Structure formats: structure tokens, C-alpha cells
Amino acid sequence: MLAIVVVVNVFSYFYFFRIDLTQDRRYTLSQATKDLLSSLAKPVTVTAYYSENSIPVITRARAELKDILTEYAARSGNKVVFNFVNPNKSDSLERIAQQNGVSPFPVQVREKDEMKSVRVYLGAVIKMGDKTDVLPLIDPNGSLEYDLSNSIKKLSIDRKPWVGLLAGNGEAALNEIQQAENSVNSLHVLQQLNLNDSSPIPADYNTLAIVSPKDTFRLGQLHQLDAFLARGGRLLIAYSGLNADLQKGTGNLSTIGLTQWLASKNIILENKYIIDAHCGGITVPENMGGMTFNTQISFPYLPLIGNFSNHPITKDLRSVMLPFAAPIMFTGDTTKVKFTPIAFTSDHSGLKDVPITFDINYKWQQSDFPLSNLVVAAAISGVEGSKDSRIILISNGDFVINGSGKQTVKLDADNINLFVNSIDWLSDNTGLIELRSKVVKFVPIKDVSDKEEIFIKYLNFFLPLLLVIFYGILRMQMKKRTRKKRMEEVI
């Protein structure tokens, strides 16, 4: 028996495996992660700052992180090493965790019939050589595999791929999208690129972004975009096909040729403004008693988008403002080109024809919003006959623009995340970005009738007793046979 135990332990040390019986395969690593781990050139150290307490969700989160890190270690040939630190044990450990970028967050728990606030740590520090990445808070219900693999990927990149921000047609410049630039540059290098009529787009660029162009695209430039897609290029277009001028109070069509170019690929930007009851507001001066006050009023031409599909780009987004947006449609063959809507208006939206005069004093009625779920962002794959080509179309370009100089404004995080996630999805050739949608889904217990509930209750109570009694009877019969056999041998 001892020899068997020794052999099993030695075998398990050199050959690690486990069987995943969960319906959503939550404990099975993706091929993208396996490829990443097998290609590691240097060891990776993961220091998990996780609290140890009796809170069930924290205990479960710690166990799941340990399980997945054990899998990472095995798949990487032990190049991934990890250790757990409980910062709550001492003040010095708390200081170390916070100095490394992992901060606590308060959780209300009940102890001895009273509510108590405790400090909880759920973060990790990942190191490879002299590079460090910090996960300050790991969502227990998020995609743990994506968080870890994405962090390791950041550290393992020797040369970041280039992403071109097209310039030359009145697009937003690099210094006007500072927040997006800072976020994109964690995995890529975002730099401006002029689009020429005759020169092809350099092969160093596999992903391009066009943000809020204002000037006409020449035919030669559009041909270069066609050639870029035909070679499997990826393109982010943030553009509505509309021109809105709040100072003049007018809205017109944009005639720079990009709408027609998209239409040649059966991607249609309708010539209408979206209005939405779920919207942002504008500030207008109001005279009261000889004094002027600024008043905030709702303006349905500034839809707040909170309706997203389950797609890696829109995972975890809550709200994105897309001012003066237009609806998107696809009229082509969906067996050849994959069209995936990823963002929609609310259930109370509508359309306004172009040209239009914006009336800020208009009294909006419920009847003005008869439509729902109009598409405002979409992912398109397989354009120009290339299965590798991709386009992300977001029907507004201003959502990611900070401005420059004294005009600079800070944008909501989700506006930036929509842009950055789009770049990540377009640039990803490994499939790693798809893991953002891989989350733990809790399956609710099926409702049962009262009779079924009573049956299950008594079954749980009596079945173990019956099994024990059955085992006792079986054991007694076996011993009885053994005694009888011995007596016969003696006789």
C-alpha cells in the first residue's frame, strides 16, 4: 500500500491533470492562454494579496485563484510561481501590499448580531524580470483567466505592435485623445499616420483608427483602405456621417466620402439623428428676475448608451455617451461577412431626419421615442474577401476626444474603455481578448413543487440511514460466511 501511495505522488508531481466537469468549462484554460504560457521566455512571479477570513465569497475567490495559478504553473513548466500573502495579519504586510499598489476595500459583515466593517484585499502583483504589473482588485465574478493572461502578456511583450491613428483628413490628433492614448499604450504604440493616395499603408501597421474625420477622403486614399483590408487589416472607424453644430443649432450630412465608402461594403450609416429618452444634458442660460443662471436640461440628441451585447469589446461597460449618433445597418450577405451589433439605444428612442434645426426648448413627449435597440456600434469581420479583416464602426467620433490646451476635458472611463477594447479586439490574433466574456455564471437552483420539496427533504434524511443499514447487513453477512467457511475447514 505504501509503495502505491509513493508511486502516485511521484507520478502526480511530474504529470499534472484534472478533469473539468462544469457546464461552462470554467476551469479549462483556453488555447490562447496555453500558447502564452508555453512560450514564456522568463519566469513569472505572482504575489497574491488575498485576505483570509470567513466571508464565503472571499474564501471562494482565494480558492479559485489558487486553483488557476496551479494550472498556470503546470502548463508553463513551473515558469509561473506564486505565493499568497494575507495583509490582514499585520500592519507591516498591509503597508507592503499598499506600497505595491494593492489597496483594501471595506466589506460589511455580521458578527455576533452586529454589522462590522472589515478591510479586504483581493489583488495581485505580477513580475517578470524587471517588469511589474499590478491587479489592484480582482473581481471574483469576472474573468480571472483574462486578467492573469493579459497581465502576463503585457510583461512578455518585447516590442509593442504599432497602431496607426490616421491623420490628414481633419481627424482627431493624438494630443486630443490623451486618455485613450495612455490606455492603448499599455499593449500597443499609438502613433499618427498620414494616409497617402499612392503609397500603401506600411506593413508594420495591422490596426488603424479613424476618429471623427472632417475633410474629404480622396479616391486614392479610399483605395489604400481597401487594399489594407484585403491584406487582413483591422480598422476602427468612429464616425457618424453627420455634422452637428450646437452654436448654430443645425445638423447636416457629412459629405467627406466615408459614408459612401462604407455603403459600398453594405455597411449603412443612416442619414438620421438618433434621439433617446435616456440621454445626457446641456447647459443653457436662463434669465430669472434680471439675473442669469445656468440650467441643465435633457437633450435627447446626446444618447447615453447602456445596452450592450455580450462581446469582449463591451464586457463590463455601463454607460457611454455617443452624441449626435446615427443608426447602423448591414445589407450584405451574412454568410460571407459577419455583422455583430455590440451597442444599442434604449427601449425609448427615435430618429430625426437631416437637415435639422435643434430646438432646445422643445417639450419632448413619450410619443417622440417609438423605437428601441437601434444599433450604434458594430463589429464586422470578413470584409474585402479576407477572413482576417475586421472593422469596428462606432457611429460617433467625439466620445473619445479630450480636446487640447485649455479646452481639455476629462472623459468617463467607459468612453475610453470602449475605444481601448476595440483596439485590443482588432489587434488580437491570439484569441486572448475573447476571454473577457468568459465569466463564472451561477446557475440558479431549479424551482420545485411543495411535494417534490418534501420528497427531497425526507430522501436526504432517510437515504444515508438506509445506506448505513444496508452496509451493516452486507458486512454482517460477509462475516457470517467467513466464520462458516472457517468452521467447515476445521471439521
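Please read these numbers as outputs of a predicted model, since none were measured by experiment.
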**Item:** Ser51 side chain vs Val120 backbone, donor-acceptor pair below 3.5 Å
**Value:** no
**Request:** Could you tell me which non-hydrogen atom of Thr314 sits nearest to which non-hydrogen atom of Ser309, and how far apart they are?
**Result:** OG1-O, 2.8 Å
**Message:** Given 3.5 Å as the limit, does a donor-acceptor pair link the side chain of Ser156 with the main chain of Ile152, or not?
**Reply:** yes
**Request:** Not counting sequence neighbours, which residues clear ring pair (Phe, Tyr, Trp, His ring centres under 6.0 Å) with Phe330? List them please.
**Result:** Phe339
**Asked** With Asn307, which residues qualify under side-chain hydrogen bond (donor to acceptor under 3.5 Å, both in side chains), at least two apart?
**Response** Asn373
**Request:** Check the side chains of Gln31 and Asp35 for a donor-acceptor pair under 3.5 angstrom, ignoring hydrogens and angles.
**Result:** yes
**Message:** Applying side-chain hydrogen bond (donor to acceptor under 3.5 Å, both in side chains), can you list everything that pairs with Arg475, at least two apart in sequence or on another chain?
**Reply:** Tyr471
**Asked** Backbone N or O of Leu304 within a donor-acceptor pair of the Ser319 side chain at under 3.5 Å?
**Response** no
**Fill in**
So side-chain hydrogen bond (donor to acceptor under 3.5 Å, both in side chains) across residues 381-394, not counting sequence neighbours, yields Lys265-Glu384
**Prompt:** Is any NZ, NE, NH1 or NH2 atom of the basic residue among Asp67 and Arg60 found under 4.0 Å from an Asp or Glu carboxylate oxygen of the other?
**Reply:** no
**Asked** Would you say the side-chain atoms of Ser240 and Ser395 include a donor-acceptor pair closer than 3.5 Å?
**Response** no
**Asked** Between the main-chain N or O of Leu411 and the side-chain N or O of Asn415, is there a donor-acceptor pair closer than 3.5 Å?
**Response** no
**Asked** Is the closest side-chain heavy-atom distance between Thr132 and Ile126 below 4.5 Å?
**Response** no
**Asked** Does Thr45 use its side chain to pair, donor to acceptor, with the backbone of Lys127 at less than 3.5 Å?
**Response** no
**Message:** Under a plain distance cut-off of 3.5 Å, with no hydrogens placed, do Tyr121 and Ser103 share a side-chain donor-acceptor pair?
**Reply:** no
**Asked** Counting only N and O atoms by type, is there a donor-acceptor contact under 3.5 Å from the side chain of Ser212 to the main-chain atoms of Ala172?
**Response** no
**Item:** Check: Leu36 main-chain N/O paired with Ser39 side-chain donor or acceptor under 3.5 Å
**Value:** yes
**Prompt:** Does Lys79 NZ have over 12 foreign heavy atoms under 6.0 Å away?
**Reply:** yes
**Prompt:** For Ser372, what residues pass the side chain to side chain contact (heavy atoms under 4.5 Å, CB included) criterion, not counting sequence neighbours?
**Reply:** Asp347
**Over 12 foreign heavy atoms within 6.0 Å of NZ, Lys336** = no
**Asked** Under 6.0 Å from the six-membered ring centre of Phe105 and within 45° of its axis: does the NZ or CZ of Arg119 meet both?
**Response** no
**Complete:** By side chain to side chain contact (heavy atoms under 4.5 Å, CB included), Ser427 pairs with (sequence neighbours left out) Val163, His188, Thr207, Ile423
**Message:** Whether the side chain of Asp276 engages the backbone of Pro300 through a donor-acceptor N/O pair (distance < 3.5 Å, no angle test) should be reported.
**Reply:** no
**Message:** If we ignore hydrogens and angles and just use 3.5 Å, is the side chain of Asn185 paired with the main-chain N or O of Leu190 as donor and acceptor?
**Reply:** yes
**Prompt:** Ile394 versus Val376: any side-chain heavy-atom pair under 4.5 Å?
**Reply:** no
**Message:** Side chains of Gln179 and Asn402: any donor to acceptor distance under 3.5 Å?
**Reply:** yes
**Request:** Indicate whether any N or O donor in one side chain lies under 3.5 Å from an N or O acceptor in the other, for Asn100 and Tyr49.
**Result:** yes
**Backbone of Trp364 reached by a side-chain donor or acceptor of Asp368 within 3.5 Å** = no
